[in-house]
Amino acid sequence: MNMLKEIVEKGHYCFVEKVDSWQDAIRQSYAPLLKDNTVENEYVEAVIECVNKYGPYIVIVPGIAMPHSTEGAVGCNGTAISFMKVEEEVDFDPEDPDKKAKLFFSLAAIDHDQHIQNIQSLMDTLMNEDIVEALMNAKTKGDLEEIANQYE
């Protein structure tokens with residue numbers, strides 16, 4: 001199944017105007033997965049701890065973040081990807097202008113194979129510049145559904 005369609009069907013998305021910090025952005029990006037118990041708070045805090053420890057590695061290209069923790073992390077109960085669009089860019093490193101993000105694809109995976117599958121699915125989607133541009137302009141669930149249907 002198309003990754004974006006799955007995100008829409010499972011309700012794993014949110015749109016946010018602005019956040020107070022990158023930590024807040026990560027917490028909000030996991031809200032849809034917390035709501036259905038795919039992840040628990042311990043997992044979200046582990047993601048934040050990883051960024052504190054290793055730096056903003058989750059900003060995979062300028063404008064796009066892929067929050068995730070190590071496989072088998074405590075508090076991960078399922079495999080899913082959630083999508084969050086923030087209107088006001090989130091700055092992960094004031095020293096590095098490439099470490100800002102508006103699109104968040106937050107990953108949860110219960111094992112290594114599913115984690116790799118999640119990343120592959122996400123990369124396939126993000127390789128399409130038209131999809132990325134459309135997502136950058138998305139503001140509503142309807143926009144997200146339209147993009148998912150347009151690029152199946």
Side-chain angles (χ1 to χ4, degrees), residues 1-41 43-52 54-69 73 76 78-109 114-152:
M1 181 191 278
N2 166 321
M3 180 193 81
L4 292 174
K5 276 198 151 173
E6 192 171 324
I7 287 170
V8 170
E9 284 177 13
K10 291 185 174 181
H12 289 164
Y13 59 87
C14 55
F15 293 88
V16 177
E17 199 57 43
K18 63 182 269 198
V19 294
D20 296 332
S21 64
W22 63 261
Q23 294 92 334
D24 187 36
I26 290 173
R27 287 185 187 104
Q28 289 198 40
S29 75
Y30 276 104
L33 300 183
L34 282 162
K35 198 157 85 181
D36 70 5
N37 204 36
T38 300
V39 299
E40 297 168 28
N41 275 322
Y43 181 79
V44 179
E45 294 306 315
V47 173
I48 291 168
E49 189 50 46
C50 282
V51 176
N52 279 326
Y54 302 112
Y57 68 95
I58 65 171
V59 181
I60 52 174
V61 295
I64 302 174
M66 186 180 74
H68 60 283
S69 184
C76 185
T79 299
I81 299 175
S82 72
F83 168 78
M84 178 176 79
K85 158 83 183 304
V86 183
E87 287 301 323
E88 197 175 291
E89 228 169 22
V90 178
D91 194 347
F92 281 83
D93 180 356
E95 308 288 306
D96 186 346
D98 288 342
K99 295 298 181 185
K100 295 179 191 315
K102 286 180 105 169
L103 302 181
F104 287 73
F105 291 91
S106 301
L107 307 185
Q114 290 182 349
H115 183 62
I116 297 303
Q117 239 176 335
N118 262 350
I119 292 172
Q120 186 60 55
S121 177
L122 181 56
M123 290 304 131
D124 289 348
T125 301
L126 298 179
M127 295 297 280
N128 185 325
E129 290 177 21
D130 294 337
I131 294 176
V132 172
E133 188 178 338
L135 290 171
M136 285 288 186
N137 294 313
K139 295 194 182 316
T140 64
K141 174 189 178 187
D143 293 343
L144 194 57
E145 284 174 334
E146 200 175 296
I147 296 163
N149 289 331
Q150 189 177 349
Y151 296 101
E152 355 193 6

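When reading the values below, keep in mind they use all heavy atoms of this one structure, side chains included, and skip hydrogens, waters and symmetry mates.
Taking the side chain as every heavy atom from C-beta outward, F15 and L144 approach each other to under 4.5 Å.
Note that the OG atom of S106 and the OH atom of Y30 stand 4.5 Å from one another [nearest 0.5 Å]. Between the OG1 atom of T38 and the CD1 atom of I81 there is a distance of 11.5 Å, given to the nearest 0.5 Å.
Partners of D130 by side chain to side chain contact (heavy atoms under 4.5 Å, CB included), not counting sequence neighbours, listed by chain and number: N128, Y151. In this view, I60 and I64, M66, M123, L126 satisfy the side chain to side chain contact (heavy atoms under 4.5 Å, CB included) rule, not counting sequence neighbours. Partners of K102 according to the salt bridge (Lys or Arg N to Asp or Glu O under 4.0 Å) rule, which considers only residues two or more places apart in sequence or in another chain, do not exist here. In this view, Y13 satisfies the ring-ring contact (aromatic ring centres under 6.0 Å, His included) rule with no residue, not counting sequence neighbours.
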For F92 and I58: C-alpha separation, side-chain torsions, deciding distance, then whether side-chain contact (heavy atoms from CB on, under 4.5 Å) applies. CA-CA 9 Å; F92 281 83; I58 65 171; 3.6 Å; yes

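For residues 14-41, the salt bridge (charged side-chain N to carboxylate O under 4.0 Å, His left out) pairs, not counting sequence neighbours, are R27-E45. Among residue pairs with one or both ends in residues 86-96, those qualifying as side chain to side chain donor-acceptor pair (under 3.5 Å) are K85-E87, E87-K139, D91-K100; sequence neighbours excluded.
Checked for salt-bridge contact, K5 and E9 miss the test: no charged N lies under 4.0 Å from a carboxylate O.
Checking D124 against Q120 by side-chain atom types alone, a donor-acceptor pair falls below 3.5 Å.
Aromatic ring pairs are classed by plane angle as parallel below 30°, tilted from 30° to 60° and perpendicular above 60°; the pair F105 and F83 is tilted. Ring-plane geometry between H68 and Y57 is classed as perpendicular, the angle between the planes exceeding 60 degrees on a 0 to 90 degree scale with a lower cut at 30.
Distance alone, capped at 3.5 Å, places no donor-acceptor pair between the N118 side chain and the T79 backbone.
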